[in-house]
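Quick note on labels: first sequence line is chain A, next is B, and so on, each numbered from 1.
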2 protein chains.
Amino acid sequence: MPPSGRPRADARANRLRLLTEADAVFREQGTGASLEAIAKRAGVAIGTLYGHFPTRRALLSALMTERNEAVFAAGDALSAEPPDRALRTWIQLTVTHAATYSGLAALLADGTDDASSELHASCVRMTEIGDTLLRRAIDAGTIHPTTTSADLNTLTTACALAREHTTAEQADRLVAITFTGLLVRTSQ
Amino acid sequence: MPPSGRPRADARANRLRLLTEADAVFREQGTGASLEAIAKRAGVAIGTLYGHFPTRRALLSALMTERNEAVFAAGDALSAEPPDRALRTWIQLTVTHAATYSGLAALLADGTDDASSELHASCVRMTEIGDTLLRRAIDAGTIHPTTTSADLNTLTTACALAREHTTAEQADRLVAITFTGLLVRTSQ
DNA sequence: ACCTGAACACCGTTCAAGT
DNA sequence: ACCTGAACACCGTTCAAGT
């Protein structure tokens with residue numbers, strides 16, 4: 001059972017500094033970075049980090065919270081766009097999101113199926129939004145009707161994973177190629 | 001300078017058993033598996049493993065040698081096939097190859113650009129074969145002419161990486177989608 | 001209620017001693 | 001020439017003691 005009432009002021013400050021430094025370190029070194037290093041940069045002992053975030057994934061999850069909300073909101077807003085443009089923008093959005101830190105895409109990919117992962121809920125939410133946009137695009141007749149929600153997830157995961165091994169430009173080209181592969185082939 | 005003449009019989013036997021067990025362990029646990037475990041299963045001390053294979057990549061490289069030759073030969077043989085079918089088969093082949101062990105695709109992706117990697121030479125060779133098949137398919141008019149050799153590498157890497165996070169069926173669907181994205185869009 | 005940091009566990013890598 | 005395995009280094013994680 002979590003402690004009730006407001007947390008102590010120093011605890012709040014420590015939590016905030018841990019998140020700030022974790023973001024910086026994960027950006028530089030990926031999600032596998034040393035937790036010791038993060039604690040040291042935040043000016044706290046390693047035990048304090050574990051006190052706030054019992055697992056690496058819990059830390060990552062806390063770090064992604066704000067960003068998640070932004071992506072969810074953007075996804076919902078895409079309902080106003082033309083179906084195929086909306087889907088394409090969504091793919092670009094989620095790929096970039098999953099590539100925030102090197103190593104994150106793999107955790108998100110596994111988080112979709114692993115209900116015990118702290119990242120599971122946000123993965124499910126993303127899948128739902130993607131599914132809505134996908135169905136709309138299929139109904140509009142621009143996306144191949146056999147495309148599944150799982151395809152969309154796999155495709156996003158693949159592009160995000162690949163992004164860790166090439167330039168952003170090359171990764172964008174892959175997104176473009178893959179999206180083209182989803183389109184219904186009409187006489188041009 | 002390497003030792004001249006034939007290696008000692010026991011050394012040869014150890015090397016062979018190390019390769020056999022490494023293959024089994026990497027298949028089960030991926031390329032990050034414990035080298036201690038491999039040595040133990042092969043019935044030798046950890047120092048013996050390091051004596052034969054100074055780095056994890058050297059061990060992987062030795063492990064891939066035979067398989068590499070098979071893939072190169074298959075790639076060369078594809079010159080006899082219709083250009084687009086040949087390219088598609090090549091993509092499937094290389095994706096499967098890069099997904100032999102979980103974690104291998106990432107090493108191969110980095111090995112292409114890292115000349116100091118023991119896996120570099122085979123990566124370059126694969127790129128060459130892919131490039132030949134790609135140009136032929138472009139010349140035949142079935143593949144979009146702006147497609148580059150780098151696109152092919154990124155695409156293969158992406159599919160192989162994704163394969164570690166889904167079923168083989170789902171991964172095959174991704175290959176199909178991506179390949180469709182390469183095709184010149186004609187009136188069907 | 002929260003923080004500290006020593007202690008423990010685990011694993012990769014090296015190298016002096018042995019055969 | 002090759003093998004052994006103890007020794008070292010490094011890092012993730014826990015938890016008793018402190019404030």
Measuring from the side chain of [X] (C-beta onward, heavy atoms only), which nucleotide among [options] has the closest atom?
X       : options               : value
B:Ala45 : D:dC2, D:dG5, D:dG12  : D:dG5
A:Ile46 : D:dG12, C:dA6, D:dC3  : C:dA6
B:Tyr50 : C:dG12, D:dG12, D:dT4 : C:dG12

query: Given C:dC3, is OP1 or OP2 found less than 4.0 Å from the side-chain N or O atoms of A:Asn14?
result: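 The answer is yes; a side-chain N or O of A:Asn14 sits under 4.0 Å from OP1 or OP2.
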
- prompt: Hey, does B:Ser34 reach any base, or is it just sugar-phosphate, or nothing, if we go heavy atoms under 4.0 Å?
  reply: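 Counting heavy atoms under 4.0 Å across all strands, the contact made by B:Ser34 is with sugar-phosphate only.
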
message: Any base atoms under 4.0 Å from A:Gly47, or only sugar-phosphate, or nothing? Heavy atoms, all strands.
response: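 Contact class for A:Gly47: base.
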
Check the distance between [N]'s [atom2] and [X]'s [atom1] and give it to me in whole angstrom.
X       : N      : atom1 : atom2 : result
B:Arg15 : D:dA1  : CZ    : C1'   : 16 Å
B:Glu36 : C:dA9  : CD    : P     : 17 Å
A:Leu18 : C:dC2  : CG    : P     : 13 Å
B:Asp10 : D:dA1  : CG    : P     : 13 Å
B:His52 : D:dC3  : NE2   : P     : 4 Å
B:Lys40 : D:dT4  : NZ    : C1'   : 14 Å
A:Leu35 : C:dT4  : CG    : C1'   : 17 Å
B:Phe53 : C:dT14 : CZ    : C1'   : 18 Å

field: Donor-acceptor contact below 3.5 Å, side chain A:Glu164 vs main chain A:Ala99
entry: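 Absent.
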
query: Short question: side chain of B:Glu36, backbone of B:Ile46 - any donor-acceptor pair under 3.5 Å?
result: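 No: the side chain of B:Glu36 does not pair with the backbone of B:Ile46.
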
query: Which residue pairs satisfy the side-chain hydrogen bond (donor to acceptor under 3.5 Å, both in side chains) criterion with at least one member in residues 57-69 of chain A, sequence neighbours excluded?
result: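 Matches after skipping sequence neighbours: A:Arg57-A:Glu118, A:Asn68-A:His97.
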
query: Partner of C:dG12 by Watson-Crick or G-U wobble geometry, both contacts under 3.5 Å, or none?
result: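 Across any shown strand, C:dG12 pairs with D:dC8.
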
- request: Tell which nucleotide pairs with C:dT19, taking only Watson-Crick or G-U wobble pairs whose two distances are both under 3.5 angstrom.
  value: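 The answer is D:dA1, by the H-bond criterion.
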
Please tabulate, for side-chain N and O atoms in residues 85-94 of chain A, each donor-acceptor pair with protein atoms closer than 3.5 Å (sequence neighbours left out).
| from | atom 1 | to | atom 2 | distance (Å) |
| --- | --- | --- | --- | --- |
| A:Thr89 | OG1 | A:Arg85 | O | 2.9 |
| A:Thr94 | OG1 | A:Trp90 | O | 2.9 |
| A:Thr94 | OG1 | A:Ile91 | O | 3.0 |

task: State the NE2-CG distance between B:His165 and A:Leu107, to the nearest 0.5 angstrom.
output: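 It is 8.5 Å, given to the nearest 0.5 Å.
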
message: Closest-nucleotide mapping onto DNA chain D: is B:Arg8 or B:Thr48 further toward the 5' terminus? I mean the 5' end.
response: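 Of the two residues, B:Arg8 wins.
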
